[in-house]
Amino acid sequence: MKFNRHDVTCMAKALRLARLGLNTTHPNPRVGCVIARNDELIGSGWHQRAGEEHAEIIALREAGDKTVGATVYVTLEPCSHTGRTPPCVDALIKAKIARLVCAHEDPNPAINGAGLERLRKAGIRVESGLLATQAGELNRGFLMRMKHQRPWVRVKLAQSMDGHIALANGVSQWISGAAARADGQRWRARSDVILTGIGTVLADDPSLNVRIDGNSGQPLRVIVDSQWRMPADARLLRIEGKVLIVGLESTVKVKTLENAGAECLVLPATDGRVNLVALLRELASRGINEVQVEAGATLCGALLQQGLVDELLIYQAPVLLGGDARSPFAAPRLDNMANRVHLKWLDTRQIGCDLRLRLQPVYEDEKCLQES
């Protein structure tokens, strides 16, 4: 399917609009919409928050009575069902548009092509696939949840040039510079969950909150704590935001932590530890799209070995920590190069004095969930 330069320009603008909802649309996808007629932009909009108007409705209202015969560019297939808001396809048909271009279809089982089909049956020319890669990047978590019933898992860490995340004694503040740490805050802000392990909590007593001026909310902070060792006076429990602690069967400590303000959840065990597949499925059932992992080698290594890491966000600092410093992933020793983990590059850029590396693991098993 061939798109012209004007099509690309309009969809690129729709994507820029969609990015405005990067930190606010949870659990909905980030969506932008542009309406044009005779090469003139007549309307635009973006989805701001769940329960509020969708991007198409805002753009149609701005366009007013000029929509007859117009082309609508939207970054995700318009909804065809009634949720918190009425179906967007009904409004598009009523507006008598001539053509709709979307970046990609919505894999939500309630939609999944139905919206585009209704538009076609109404005589509207429908085309999809324009800037699909860029639109998919924007909504990786939503697409993962809809297709595979788990969130997108991003492991964020700062490491030295020799591949270490802390000194042998556990000291890690600070490996990366101020600019990299500020950038990491922006990645926290777009995440629905910040996930860590009890080892990190006991060692660092972190807050794991978003510290950006004007930030509208806090991600859910999830602690993997098989034996319920979480201190009731931990900093996590004394600041704004919800905390979920997941562990194995217990009768005493859970009540203490609940009294301290945490939600506690018992999950199945695998080899004496919390089943991480069950954890991700639970988070997906709560509408979680993106999980950012900020943890030590044990939890990060377990996620990687089970094929549950979708992206690595690494801030590489121009420092050396020495041979006995700590590594980012706990894993069995490899004696065969065939067993090494392969990565592919997503993006590389300099942030202050550090390099920000975004990589994606390449697993032999393409299944997104592996029973452990």
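For the numbers below, each heavy atom of this structure counts, side chains included, while hydrogens, waters and symmetry mates do not. If you read the sequence from its start, that first residue is 1, and numbering goes on from there.
- Between the side chain of Ser176 and the backbone N or O of Ala180, no donor-acceptor pair lies under 3.5 Å.
- The cluster map of Ile, Leu, Val, Met, Phe, Trp and Tyr, joined by side-chain heavy atoms under 4.5 Å apart, puts Leu346 and Leu138 in different clusters.
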Which donor-acceptor pairs under 3.5 Å do side chains of residues 11-20 form with protein atoms, sequence neighbours excluded?
none

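- A 6.0 Å sphere centred on CD of Gln350 holds more than 12 heavy atoms belonging to other residues, nucleotides or ligands.
- Between Arg326 and Leu167, the closest side-chain pair of non-hydrogen atoms is not below 4.5 Å.
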Candidate pair Thr348 and Arg356, rule side chain to side chain contact (heavy atoms under 4.5 Å, CB included), full reasoning:
CA-CA 6 Å; Thr348 304; Arg356 189 187 73 190; over 6 Å; no
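- The CD1 atom of Ile97 sits 14.5 Å away from the NZ atom of Lys94 when rounded to the nearest 0.5 Å.
- Sequence neighbours left out, the pairs with a member in residues 110-120 that pass side chain to side chain donor-acceptor pair (under 3.5 Å) are Asp90-Arg118.
- Cluster membership for Ile351 and Trp345, using ILVMFWY side-chain heavy atoms within less than 4.5 angstrom, is not shared.
- Evaluated for a side-chain hydrogen bond (donor to acceptor under 3.5 Å, both in side chains) with Arg190, the options Glu290, Gln292, His26 yield exactly one hit, Glu290.
- Considering all non-hydrogen atoms of both residues, Thr75 and Arg30 come closest at OG1-O, 3.9 Å.
- Leu265 is not listed as a side-chain neighbour of Ile245, based on a closest heavy-atom distance of 4.5 Å or more.
- Listed for the Asp7 side chain is a donor-acceptor partner under 3.5 Å among the backbone atoms of Asn4.
- Contact annotation: the side chain of Arg125 approaches that of Glu127 to within less than 4.5 Å [non-hydrogen atoms, C-beta and beyond].
- Heavy-atom contacts from other residues, nucleotides or ligands closer than 6.0 Å to CZ of Arg99 number more than 12.
- Around the CG atom of Asp65, the shell of radius 6.0 Å holds no more than 12 heavy atoms that belong to other residues, nucleotides or ligands.
- Annotation for Asn259: atom CG counts as buried by contact number, over 12 foreign heavy atoms lying within 6.0 Å.
- Looking at Asp225, its side chain does come within 3.5 Å of a backbone N or O of Arg229 through a donor-acceptor pair.
- Residue Leu303 forms a side chain to side chain contact (heavy atoms under 4.5 Å, CB included) with just one option from Val224, Val309, Leu279, Thr298, and that option is Val309.
- Of all non-hydrogen atoms in Ala95 and Thr67, the two that sit nearest each other are O-OG1, 2.8 Å.
- In this structure a side-chain-to-backbone donor-acceptor pair under 3.5 Å is missing from Lys253 to Gln227.
- Within the structure, ring pair (Phe, Tyr, Trp, His ring centres under 6.0 Å) contacts touching residues 28-78 (residues at least two apart or in different chains) are His47-His54.
- Residues Leu244 and Ile223 fail the side-chain proximity criterion, which asks for heavy atoms closer than 4.5 Å.
- Under the 4.5 Å side-chain criterion, counting only non-hydrogen atoms from C-beta, Met144 is in contact with Asp310.
- Surrounding CG of Asp271 are at most 12 heavy atoms belonging to other residues, nucleotides or ligands under 6.0 Å away.
- Going from atom CG of Asp354 over to atom CD of Gln316 covers 9.0 Å, rounded to the nearest 0.5 Å.
- Between Val72 and Cys33, some side-chain heavy-atom pair lies under the 4.5 Å cut-off.
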Inset, instruction - Go through Val293 and Cys300 one step at a time and tell me if the side chain to side chain contact (heavy atoms under 4.5 Å, CB included) criterion holds. - result: CA-CA 8 Å; Val293 182; Cys300 291; 4.1 Å; yes
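- Between the side chains of Ser191 and Arg154, at least one donor-acceptor pair of N or O atoms lies under 3.5 Å.
- Between atom CG of residue Asn108 and atom OG of residue Ser80 there is a gap of 9.0 Å, rounded to the nearest 0.5 Å.
- Applying the 4.5 Å side-chain rule to ILVMFWY residues, one finds Trp187, Tyr315 in the same cluster as Leu313.
- From Asn28, atom CG reaches atom CG of Asn289 across 8.5 Å, with rounding to the nearest 0.5 Å.
- Considering only heavy atoms from C-beta on, Leu92 comes within 4.5 Å of Pro78 through its side chain.
- For the pair Pro268 and Leu248, the tightest heavy-atom approach, listed with the atom from each and the gap, is O-CD2, 3.9 Å.
- Side-chain contact between Ile35 and Leu41: absent, with no pair of heavy atoms (C-beta onward) separated by less than 4.5 Å.
- Counting all heavy atoms, side chain and backbone alike, Phe3 lies closest to Gly129 at CE1-C, 4.4 Å.
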Exercise for review: Carefully, step by step, assess Val201 and Thr196 under the rule side chain to side chain contact (heavy atoms under 4.5 Å, CB included).
Suggested key: CA-CA 8 Å; Val201 173; Thr196 196; 4.0 Å; yes
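- Contact between Asp106 and Ile111 at its shortest, heavy atoms only, is OD2-CD1, 3.1 Å.
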CA sep, side-chain torsions, deciding dist, call: Arg37, Glu40, salt bridge (charged side-chain N to carboxylate O under 4.0 Å, His left out): CA-CA 5 Å; Arg37 190 177 68 178; Glu40 176 192 1; 5.8 Å; no
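- Qualifying side-chain contact (heavy atoms from CB on, under 4.5 Å) partners for Gln185, counting only residues two or more places apart in sequence or in other chains: Arg188, Val210, Arg211, Ile212.
- Hydrophobic cluster membership for Met161: Leu320 (Ile, Leu, Val, Met, Phe, Trp, Tyr linked by side-chain heavy atoms under 4.5 Å, directly or transitively).
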- Would you sort out whether His148 and Arg145 count as a side chain to side chain contact (heavy atoms under 4.5 Å, CB included), showing the intermediate values? CA-CA 5 Å; His148 303 294; Arg145 179 166 64 90; over 6 Å; no
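- Atom CD of Gln218 is separated from atom CG of Leu208 by 10.5 Å, given to the nearest 0.5 angstrom.
- Around the CG atom of Asp213, the shell of radius 6.0 Å holds no more than 12 heavy atoms that belong to other residues, nucleotides or ligands.
- Geometrically, Arg181 engages Trp174 in a cation-pi contact, judged by NZ or CZ lying under 6.0 Å from the ring centre and within 45° of the ring axis.
- Under the 4.5 Å side-chain heavy-atom criterion for ILVMFWY residues, no single connected hydrophobic cluster contains both Ile58 and Ile42.
- Contact record, Ile239 with Ser207: CD1-CB, 3.5 Å, taken as the closest heavy-atom pair.
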Begin from the C-alpha positions of Glu263 and Arg286 and carry the test salt bridge (charged side-chain N to carboxylate O under 4.0 Å, His left out) through to its verdict.
CA-CA 13 Å; Glu263 178 188 356; Arg286 297 178 179 219; 2.8 Å; yes
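- With hydrogens and angles disregarded, no donor-acceptor distance shorter than 3.5 Å links the side chain of Glu105 to the backbone of Glu77.
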